[in-house]
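Take a look at the structure below.
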Amino acid sequence: MRKKSILIDGNSLLYRMFYGIREMTTAKGVPTNAIYGFVGVLVKIEQEYRPDYFGVAFDLKAPTFRHKKYADYKAGRDKMPEDLGSQFVLLKELLRKMEVPILELSGYEADDIIGTLAKEGERQEADTFIITGDKDSFQLVDDRISILYTTTRSGNQFTTVDADYIMERYGVTPLELIDVKALMGDPSDNIPGVAGIGEKTAIKLIKAYHTIDGLYDHIDDLKGKQKEKLLNGRDSAYESRFLGEICVMAPVEKHIEDLAFDGMFTDSAKEMLAELEFKSILKKVDGSDAVLTDHQGDMLPFTRVEDQRSLMGLLGQINQFSRVFIYALEEGDALWMALRAGSQYYFLPDAAMVEAFIGGLADIPVADDVEIIGQDLKQLTHIFNRFGGCIPNYTFDTMIGGYLLNPSDSRYHLSALAAKYLDEALPDDEEFFGKGKTKKAAEDMEVGVLAPYTIRLCDALYRLWKLLPEKIEEDGMTCLMDTIELPLLAIMASMEELGFTIDVGALEALSHSFEKRLLELTQEIYDLAGETFNINSTKQLGVVLFDNLKLPVIKKTKTGYSTSVEVLEELKLFHPIIEKILEYRSLSKLDGTYGKGLIKLIDPETHRVYSTFNQTVAATGRLSSSDPNLQNIPVKTELGREIRRVFIPSAPDRILVDADYSQIELRVLAHLSGDENLIDAFKKEQDIHTRTASEIFGVPMDGVTREQRGHAKAINFGLIYGKQAFSLGKELGISRKEAQDYIDTYFARYPKVAAYMENVVTEAKEKGYVTTLWGRRRYLPEIHSRNRMLVQSGERMALNTPIQGTAADIIKKAMITVSARLAQEGLKAKLILQVHDELIVDALESEQEQVLSILIQEMERAAVLSVPLTVDAHCGHSWYEVK
DNA sequence: AAGACGCT
DNA sequence: AGCGTCTT
């Protein structure tokens with residue numbers, strides 16, 4: 001029989017586990033998350049793979065032969081976090097107790113040791129599996145060597161990478177990957193590659209020429225920029241190839257037969273596992289394999305609901321237990337659901353069955369009491385609304401739960417939540433259905449495949465529900481969830497369904513006028529430049545302005561000349577072309593995003609745009625809007641503002657009512673800091689920027705100049721954003737010193753604001769997070785970084801988040817009460833949009849007075865602060881008129 | 001992916 | 001400070 005060999009890249013795997021598994025410590029506080037994940041893999045090896053040879057390779061700290069040749073190799077890497085370093089020490093101790101060979105070699109990396117031993121094994125006809133989280137080792141793959149690749153997300157589940165996989169994924173052979181990397185480089189290892197060549201181009205070139213030698217032999221086949229880039233980067237490509245190629249002839253002391261494996265869970269190893277408090281692992285190791293199959297969702301029994309009888313069974317179960325867990329999925333036209341009720345699982349295979357279920361749910365006696373727990377309840381609400389079901393009694397949304405627990409995470413789908421909170425690897429929709437071109441249509445998939453997948457996720461939903469509400473309670477956010485986020489989601493669903501009506505004819509006319517002017521400008525710019533070029537390309541524009549027209553370079557970006565508005569404003573005096581470019585820029589933005597860009601998104605039937613509102617994106621608690629983003633429709637310049645004329649009420653007898661908070665963030669700051677002087681300004685309803693100017697420049701309110709008010713305004717904004725003297729000075733065109741004087745004077749006049757700001761930062765450093773007035777929490781790990789820039793950025797977030805977030809909480813509360821009042825009073829008026837401090841209602845003309853007063857009342861009442869909240873409201877026949 | 005720019 | 005979109 002062929003021998004089987006398993007080699008682990010210890011550094012790579014422990015790193016992956018460290019970042020992939022949530023924090024874990026022993027009772028004494030020793031961090032163990034990474035080693036826990038690592039041991040999970042060891043158990044799998046012991047119980048499932050049973051290799052003949054086994055070893056774990058590590059990097060050593062000493063410089064390698066790569067560093068010796070190129071000093072920059074792996075330069076700029078962050079130091080290893082302390083909590084990870086300590087786990088390396090523990091892991092090696094554990095491996096020694098397990099009598100697992102530890103492979104290290106001065107001057108070489110783990111990859112080189114593994115490559116060498118894998119090739120040695122091959123000569124002895126052994127099959128090698130390399131466990132790593134590093135794609136670099138893909139180059140080692142051949143008939144007898146494959147990679148078990150682990151990603152942060154999928155924990156101890158591996159993707160088997162063999163030659164076919166690589167061909168399918170990259171379109172080249174494993175060996176050719178070395179040359180691909182030589183061209184594209186690898187920023188994480190500081191391997192330069194060829195500047196301007198990315199993954200796509202590198203693969204294309206290597207597919208055609210196989211090696212960089214082959215490529216440079218035929219360099220004359222190529223032309224233009226690409227050829228130029230390649231010629232310039234020739235030395236760099238060869239250097240990169242040297243750095244990226246794994247050495248398979250390292251002078252490793254141990255040989256494959258020294259790695260003979262015969263179990264690793266020795267008594268002393270088990271003792272150490274007990275010390276590390278890995279109880280579940282000890283149980284697995286001690287023989288009972290029941291634990292191994294626990295929670296394997298694909299073994300969960302479920303009922304396929306496909307007829308009246310089985311539907312009645314499900315509804316009966318819900319009637320009896322009054323609680324149902326729902327995971328609904330929609331892909332294209334397909335719609336299906338997995339449910340859990342009374343500890344039974346059910347699968348609804350298609351839209352018709354879902355519709356029957358929702359209808360049936362409304363009819364059962366306890367319908368209003370049925371607690372609904374789901375993942376992304378806003379989406380579920382759309383489904384309920386589509387089939388005209390009852391108003392659901394939502395009690396928990398796992399997606400929002402995940403967001404509240406850590407609003408800085410990027411993904412909250414069930415598999416991400418399961419990985420983080422249940423330490424379990426489940427496939428996610430992207431993995432399951434594929435993406436882009438290879439995406440599989442759900443309609444074409446076998447129910448036999450779809451059902452267990454969905455049921456498994458529904459089971460994860462259920463188990464997350466057992467965990468997350470408790471954590472949210474511990475963090476003091478239950479009230480936030482129950483009284484703000486859950487009631488809000490149905491309102492957001494309604495806003496999405498209603499959409500905003502567009503005067504299509506007017507928008508088309510506007511877009512045409514933009515385009516006509518753009519054509520004229522293009523010609524004028526070409527004439528002034530004496531050449532034609534792509535004005536949209538910052539790169540080409542840079543060449544024209546700074547190389548050809550020899551204008552002075554004000555600022556550079558990391559890729560070339562900066563051509564930002566600030567730079568162009570300074571260049572205005574040097575050349576008439578600048579003004580034209582500025583006008584071109586603003587018009588092309590206007591047309592691209594709000595002219596022809598918006599036209600693309602209008603529903604031709606209803607003449608409306610239907611934005612998506614996201615409740616789990618902004619780390620401060622704000623909402624966001626997309627496709628189209630209705631929260632950034634122009635207002636500052638008159639020309640841009642014209643766009644607002646095309647946003648109109650949904651019918652001729654209707655009207656828009658717009659209400660916005662005045663200075664809500666500064667009022668929140670006044671409240672949070674308790675500063676008497678700032679509170680006084682708002683109690684007297686003074687113009688806040690004029691008052692600030694009067695304070696810091698020591699002049700009476702009626703003696704404040706326009707310039708002084710402008711500077712005060714910038715200071716007030718800077719305050720909210722936690723700006724420092726440096727950037728304030730830059731913005732106002734004054735020196736750092738002068739800006740610091742402004743800030744010092746401000747703090748002298750508003751001493752409690754100063755004290756508050758200091759406090760917030762101190763608290764953020766102590767606790768690791770900041771909170772809003774309603775307890776919404778945001779973690780700021782960067783505040784403890786060794787990188788000064790990151791610390792400063794963390795401090796700014798610490799200062800801004802409580803203010804921005806409290807304002808977000810307030811308007812969310814207002815949305816809920818406004819919406820309730822509109823319904824209670826039997827009005828046809830509907831909330832259609834929120835823009836951070838502004839609400840827009842589409843109402844019958846006859847309702848306008850009532851709606852105006854509801855908006856003002858409810859928004860002003862949404863929070864009781866130590867300063868009044870004031871609201872300005874207007875009615876009109878377009879968004880232009882009301883704001 | 002980066003730069004630029006629209007909003008609060 | 002926080003977002004989303006367009007362009008190259």
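All values derive from a computational prediction rather than experimental measurement. Within every chain, numbering begins at 1; the chains are lettered A, B, ... in the order of the sequence lines, protein sequences first and strands thereafter. Note that these values count all heavy atoms, side chains included, but never hydrogens, waters or copies made by symmetry.
Listed by chain and number, the residues in a salt bridge (Lys or Arg N to Asp or Glu O under 4.0 Å) with Arg778(A) amount to none (sequence neighbours excluded). For the side-chain hydrogen bond (donor to acceptor under 3.5 Å, both in side chains) test, no residue two or more places apart in sequence or in another chain qualifies with Lys730(A). Val617(A) pairs by the side-chain contact (heavy atoms from CB on, under 4.5 Å) definition with Asn614(A), Ser624(A), not counting sequence neighbours. Tyr594(A) meets the side-chain hydrogen bond (donor to acceptor under 3.5 Å, both in side chains) test with Asn632(A); sequence neighbours excluded. Under the rule for a salt bridge (Lys or Arg N to Asp or Glu O under 4.0 Å), the partners of Asp136(A) that lie at least two apart in sequence or sit in another chain are Lys181(A). Every salt bridge (Lys or Arg N to Asp or Glu O under 4.0 Å) that Glu485(A) has, sequence neighbours left out, goes to Arg776(A), Lys812(A). For Gln540(A), there are no side-chain hydrogen bond (donor to acceptor under 3.5 Å, both in side chains) partners at least two apart in sequence or on another chain. Annotation: side-chain hydrogen bond (donor to acceptor under 3.5 Å, both in side chains) contacts of Thr557(A) (sequence neighbours excluded): Thr559(A). A search for side-chain contact (heavy atoms from CB on, under 4.5 Å) contacts involving Tyr769(A) returns Lys767(A), Thr771(A), Arg777(A), Tyr779(A), not counting sequence neighbours.
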List every contact pair, protein side and nucleotides 3-6 of chain B side both N or O, where the distance is under 3.5 Å.
residue: dG3(B); atom: OP1; partner: Thr559(A); partner atom: OG1; Å: 3.2
residue: dA4(B); atom: OP1; partner: Thr563(A); partner atom: N; Å: 2.8
residue: dA4(B); atom: OP1; partner: Thr563(A); partner atom: OG1; Å: 3.3
residue: dA4(B); atom: O3'; partner: Arg585(A); partner atom: NH1; Å: 3.2
residue: dC5(B); atom: OP1; partner: Arg585(A); partner atom: NH1; Å: 2.8
residue: dC5(B); atom: OP2; partner: Val565(A); partner atom: N; Å: 3.2
residue: dC5(B); atom: O2; partner: Lys589(A); partner atom: NZ; Å: 3.0
residue: dG6(B); atom: N2; partner: Asn632(A); partner atom: ND2; Å: 3.1
residue: dG6(B); atom: N3; partner: Asn632(A); partner atom: ND2; Å: 2.8

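Applying a 4.0 Å cut-off to non-hydrogen atoms, the residues of residues 792-814 of chain A that approach DNA chain C are Arg796(A), Met797(A), Asn800(A), Gln804(A), listed by residue number.
Distance, Phe613(A) CZ to dT8(B) C1': 14 Å, rounded to whole Å. The CZ atom of Phe500(A) sits 15 Å away from the C1' atom of dC7(B) (whole-angstrom rounding).
Here chain A contacts DNA chain C (any atom closer than 4.0 Å to a heavy atom, that is under 4.0 Å), and the contacts span dA1(C) to dT8(C) from 5' to 3'.
Among the heavy atoms of the strands, none lies under 4.0 Å from Arg641(A). If you check every strand for non-hydrogen atoms under 4.0 Å, Gly722(A) touches nothing.
Ring centroids of Tyr746(A) and Tyr750(A) are separated by less than 6.0 Å, placing the two rings close together.
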